[in-house]
Enquirer: 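Please find one structure pasted underneath; my questions will follow.
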Amino acid sequence: MITWSPEKIAAFQKTLLNWYDQNKRDLPWRKDHDPYHVWVSEIMLQQTQVQTVIPYYQRFMKLFPTVQALADADETQLMKAWEGLGYYSRARNLQKAARQIITDYHGEWPKTKAGLQELSGIGPYTAGAIASIAFNQPVAAVDGNAFRVFARLLKIDADIAKPQTRRLFENVIGRVISKDRPGDFNQAIMDLGASYMTATNYHSADSPMKAFNQAYLDGVEDQYPVKTKNKRPVPVAYYGLLITSNNGFLFEKRPAHGILSNFWMFPLVKVADLKVAKDADEGQQLNALENQFLETYRLKIHVTKLGGQPVTHTFTHQKWRITLLTANLAEHVDLSYFPGKWIPASAFKTFAFTKVQDKMWQRYQKQIEK
DNA sequence: GAGACGTGGGT
DNA sequence: TACCCAAGTCT
């Protein structure tokens with residue numbers, strides 16, 4: 001696949017690292033090569049932009065300065081620290097791995113890529129990043145940047161959306177990576193991918209690496225990388241319930257698996273799950289919803305539609321459209337059949353809210369003011 | 001190996 | 001609007 005001569009590889013490394021030395025981004029997790037710092041930043045940066053991560057990283061390090069502190073953190077505090085960052089299993093796996101390091105490894109980090117991948121939440125990319133940056137191992141760290149950069153440099157036609165393609169890129173990078181400065185090499189590729197060689201609006205003509213960019217030299221850079229398109233999010237309709245009593249709002253603990261798992265949220269009922277005819281009107285749906293609450297939870301509610309447009313929220317694979325309903329209950333109703341509890345608004349700040357939950361709350365307040 | 005898993009930014 | 005993209009991993 002790669003046809004570069006040893007001389008060209010050496011020139012590539014030298015040009016790249018010289019550029020990196022002069023132009024590397026000054027980021028909070030680059031103050032040292034502490035594996036804990038590298039690790040937390042890499043997890044946060046998965047599918048997330050640098051500017052989004054910076055404040056989260058800084059707060060996280062103040063709250064949990066060490067692997068031990070993270071291992072000891074309580075669930076609520078951890079999720080509050082991750083609130084709004086998304087892909088929440090990252091946070092749970094982070095703590096799981098911290099506990100693995102403390103108990104299984106007696107506080108000693110595995111220092112190889114293979115060893116690091118044994119830890120929860122650490123896959124081939126993150127293992128390569130930690131191994132190279134923190135432990136100076138000459139291994140590839142293939143993220144979206146590396147895929148994009150090397151696909152263009154070498155005009156690699158493999159579909160980067162396919163899992164098997166990773167191996168090809170790891171092989172290529174294994175041949176060109178600097179054995180002296182593998183961590184800096186990998187980070188330089190990321191900085192290159194985030195500056196001159198972005199996905200759209202790239203500026204390869206100004207890039208320090210343009211002489212090595214075969215796609216650019218051939219005028220076909222717009223054809224790389226090759227990547228199959230994502231599927232569009234599936235629309236899902238919900239009723240969102242803001243049920244009040246003198247004890248606050250009724251919250252439901254979401255299931256342990258699936259989207260937004262384990263969060264305490266305003267109850268959501270999928271419209272498609274209501275036992276009504278497909279062409280039922282809204283009145284029939286609300287009636288069915290009230291019946292379902294009575295039968296499933298032994299709760300007799302009378303819902304009222306809240307004014308305003310439904311709340312919408314788009315995830316990677318689903319597009320939620322939530323019609324908000326309100327209801328009021330006496331504080332002494334029996335909640336023993338309902339997987340939830342009353343939470344006063346004054347205590348909301350002690351719970352981690354997901355974005356969609358926050359939108360529901362904002363919309364409710366706005367409508368109530370009227 | 002395809003699909004699930006959040007959110008914010010850009011066009 | 002409706003995409004696509006951003007330092008991926010797990011099942």
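Since the model is a prediction, treat every value here as computed from it, not as a measurement. A note on names: the letters A, B, ... follow the listed sequences, proteins ahead of strands, and every chain is numbered from 1.
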Enquirer: Step through it carefully: locate the ring centre of Y202(A), locate the ring centre of Y216(A), and say whether they are under 6.0 Å apart.
Expert: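 No: the rings miss the under 6.0 Å criterion.
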
Enquirer: Please work out which residues in residues 85-101 of chain A have a non-hydrogen atom less than 4.0 Å from an atom of DNA chain C and list them by number.
Expert: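 None - not one residue of the stretch has a heavy atom sitting under 4.0 Å from the strand.
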
Enquirer: Check this one for me: any side-chain N or O of Q46(A) less than 4.0 Å away from OP1 or OP2 of dA7(C)?
Expert: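 For Q46(A), the contact criterion (side-chain N or O under 4.0 Å from OP1 or OP2 of dA7(C)) is not met.
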
Enquirer: Check DNA chain C against residues 125-142 of chain A and give the residues with a non-hydrogen atom under 4.0 Å, in numerical order.
Expert: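 Listed by number, they are Y125(A), T126(A).
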
Enquirer: Using atom CD of Q47(A) as one end and atom C1' of dA4(B) as the other, report the distance to the nearest whole Å.
Expert: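 From Q47(A) CD to dA4(B) C1': 12 Å.
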
Enquirer: Under 4.0 Å, heavy atoms only, any strand: does Q164(A) hit a base, just the sugar-phosphate, or nothing?
Expert: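 Contact class for Q164(A): sugar-phosphate only.
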
Enquirer: According to side-chain contact (heavy atoms from CB on, under 4.5 Å), who are the partners of P28(A), at least two apart in sequence or on a separate chain?
Expert: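 Listed in chain order: I54(A), Y57(A), Q58(A).
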
Enquirer: With respect to the phosphate group of dC4(C), does any side-chain polar atom (N or O) of R232(A) fall under 4.0 Å of OP1 or OP2?
Expert: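 Answer is no, no contact under 4.0 Å.
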
Enquirer: Establish whether the base of dA7(C) is bridged to the side chain of R25(A) by a donor-acceptor pair shorter than 3.5 Å.
Expert: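 Checked by distance alone, the answer is yes.
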
Enquirer: With heavy atoms under 4.0 Å as the rule, sort R30(A) into base, sugar-phosphate or nothing.
Expert: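 Touches a base.
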
Enquirer: When you match I259(A) and K162(A) each to their closest nucleotide on DNA chain B, which lands nearer the 5' end?
Expert: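 By nearest-heavy-atom nucleotide position, the 5'-most residue is K162(A).
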
Enquirer: Both P163(A) and T314(A) contact DNA chain B. Which one's nearest nucleotide lies toward the 5' end?
Expert: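 Comparing both residues, the 5'-ward one is P163(A).
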
Enquirer: Going by side-chain contact (heavy atoms from CB on, under 4.5 Å), name the residues that satisfy it together with A215(A), two or more places apart in sequence or in a different chain.
Expert: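 Per chain and number, A215(A) pairs via side-chain contact (heavy atoms from CB on, under 4.5 Å) with R152(A), K155(A), N213(A), V220(A), E221(A), Y224(A).
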
Enquirer: Between K231(A) and dG3(B), does any side-chain N or O lie under 4.0 Å from OP1 or OP2?
Expert: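 K231(A) to dG3(B) OP1/OP2: side-chain N or O found under 4.0 Å.
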
Enquirer: Quick test of your reading of the model: are K24(A) and D191(A) salt-bridged, counting only N-O distances below 4.0 Å?
Expert: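 Looking at K24(A) and D191(A), the cut-off is not met.
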
Enquirer: Rounding to an integer number of Å, can you tell me how far L192(A) CG sits from dA7(C) C1'?
Expert: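 Whole-Å distance recorded here is 14 Å.
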
Enquirer: Under 3.5 Å, is there a donor-acceptor pair linking the side chains of D180(A) and S178(A)?
Expert: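 Distance-only check fails for D180(A) and S178(A).
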
Enquirer: Any base atoms under 4.0 Å from W39(A), or only sugar-phosphate, or nothing? Heavy atoms, all strands.
Expert: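 Touches nothing.
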
Enquirer: Is R148(A) close enough and on-axis enough to F169(A), meaning under 6.0 Å and within 45°, for cation-pi?
Expert: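 No, a cation-pi geometry is absent between R148(A) and F169(A).
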
Enquirer: Ring-plane angle category for F251(A) and F353(A), please: parallel below 30°, perpendicular beyond 60°, tilted otherwise.
Expert: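 Judged by the thresholds at 30° and 60°, the geometry between F251(A) and F353(A) is tilted.
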
Enquirer: Donor-acceptor pair, T66(A) side chain versus A69(A) backbone, under 3.5 Å?
Expert: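 Yes, T66(A) side chain to A69(A) backbone: donor-acceptor pair under 3.5 Å.
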
Enquirer: Which of parallel (below 30°), tilted (30 to 60°) and perpendicular (above 60°) describes F263(A) and Y88(A)?
Expert: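 Ring orientation, 0 to 90° scale: perpendicular.
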
Enquirer: Have a look at V53(A) and say if it touches a base, only the backbone sugar-phosphate, or nothing, with a 4.0 Å heavy-atom cut-off.
Expert: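 Contact class for V53(A): none.
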
Enquirer: Measuring only the P atom in each nucleotide, how far is dA6(C) from dC5(B)? A whole number of Å is fine.
Expert: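 That atom pair is separated by 22 Å.
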
Enquirer: Closest to the F315(A) side chain: dT9(C), dG1(B), dG6(B)?
Expert: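 Side chain of F315(A) sits closest to dG6(B).
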
Enquirer: Would you say dA4(B) has OP1 or OP2 under 4.0 Å from some side-chain N or O of H317(A)?
Expert: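 For dA4(B), OP1/OP2 do have a side-chain N/O of H317(A) under 4.0 Å.
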
Enquirer: Within less than 4.0 Å of OP1 or OP2 of dG3(B), is there a side-chain N or O belonging to Q318(A)?
Expert: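 No, no such contact exists.
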
Enquirer: Please state how far atom CG in N145(A) lies from atom C1' in dC5(C), giving the value in whole angstrom units.
Expert: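 Checked: the CG to C1' distance equals 11 Å.
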
Enquirer: What protein N or O atoms touch nucleotides 8-11 of chain B N or O atoms at under 3.5 angstrom, if any, and at what distances?
Expert:
unit_1, atom_1, unit_2, atom_2, d
dG8(B), N2, Q49(A), NE2, 3.0

Enquirer: Can you measure E118(A) atom CD to dC10(C) atom C1' for me and round it to whole angstrom units?
Expert: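 My rounded result for the distance is 14 Å.
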
Enquirer: Figure out the CD1/P separation between I43(A) and dA6(C), and round it to whole Å.
Expert: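 Interatomic distance, CD1 of I43(A) to P of dA6(C): 19 Å.
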
Enquirer: Any idea how Y364(A) and W361(A) line up, ring-wise: parallel (<30°), tilted (30 to 60°), or perpendicular (>60°)?
Expert: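 Judged by the thresholds at 30° and 60°, the geometry between Y364(A) and W361(A) is parallel.
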
Enquirer: Take the protein atom CZ of F169(A) and the nucleotide atom C1' of dG8(C), then report the distance between them rounded to whole Å.
Expert: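 Whole-Å distance recorded here is 16 Å.
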
Enquirer: With rounding to whole Å, what would you report as the distance between dC5(C) and dG6(B) at their C1' atoms?
Expert: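 Pairwise C1' distance, dC5(C) against dG6(B), rounds to 14 Å.
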
Enquirer: So which of W264(A), F348(A), W342(A), F351(A) actually passes ring pair (Phe, Tyr, Trp, His ring centres under 6.0 Å) with F249(A)?
Expert: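 Answer to the ring pair (Phe, Tyr, Trp, His ring centres under 6.0 Å) test with F249(A) among W264(A), F348(A), W342(A), F351(A): F348(A).
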
Enquirer: Scan S261(A) against the nucleic acid and name what it touches under 4.0 Å (heavy atoms): base, sugar-phosphate only, or nothing.
Expert: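 Nothing, no heavy atom under 4.0 Å.
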
Enquirer: Got a salt bridge between E170(A) and R167(A), using NZ or NE/NH1/NH2 to carboxylate O under 4.0 Å?
Expert: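 Looking at R167(A) together with E170(A), the answer is no, because their closest N to O distance does not fall below 4.0 Å.
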
Enquirer: Can you sort out the partners of K111(A) under salt bridge (charged side-chain N to carboxylate O under 4.0 Å, His left out), two or more places apart, ordered by chain and number?
Expert: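 Only E108(A) meet the salt bridge (charged side-chain N to carboxylate O under 4.0 Å, His left out) criterion with K111(A).
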
Enquirer: Need one value for G258(A): base, sugar-phosphate or nothing, where a base atom within 4.0 Å counts as base even if backbone is also close, heavy atoms only.
Expert: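 Since only primed, P, OP1 and OP2 atoms lie under 4.0 Å of G258(A), the category is sugar-phosphate.
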
Enquirer: Could you check S41(A) against L119(A) and say which one's nearest nucleotide on DNA chain C is further toward the 5' end?
Expert: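 Its nearest nucleotide lies further toward 5', so the answer is S41(A).
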
Enquirer: Under the 3.5 angstrom rule, does the side chain of Q95(A) hit a backbone N or O of L70(A) as a donor-acceptor pair?
Expert: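 Indeed, once roles are kept as given, a pair shorter than 3.5 Å links the two residues.
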
Enquirer: What's the NZ-P distance between K229(A) and dA2(B), to the nearest Å?
Expert: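 My rounded result for the distance is 17 Å.
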
Enquirer: Starting at atom CG of L260(A), determine the distance to atom C1' of dC5(B), rounded to an integer number of angstrom.
Expert: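 Answer to the nearest Å: 9 Å.
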
Enquirer: Please give the distance between the P atoms of dT11(B) and dA7(C) as a whole number of Å.
Expert: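 Per the computed distance, 16 Å lies between those P atoms.
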
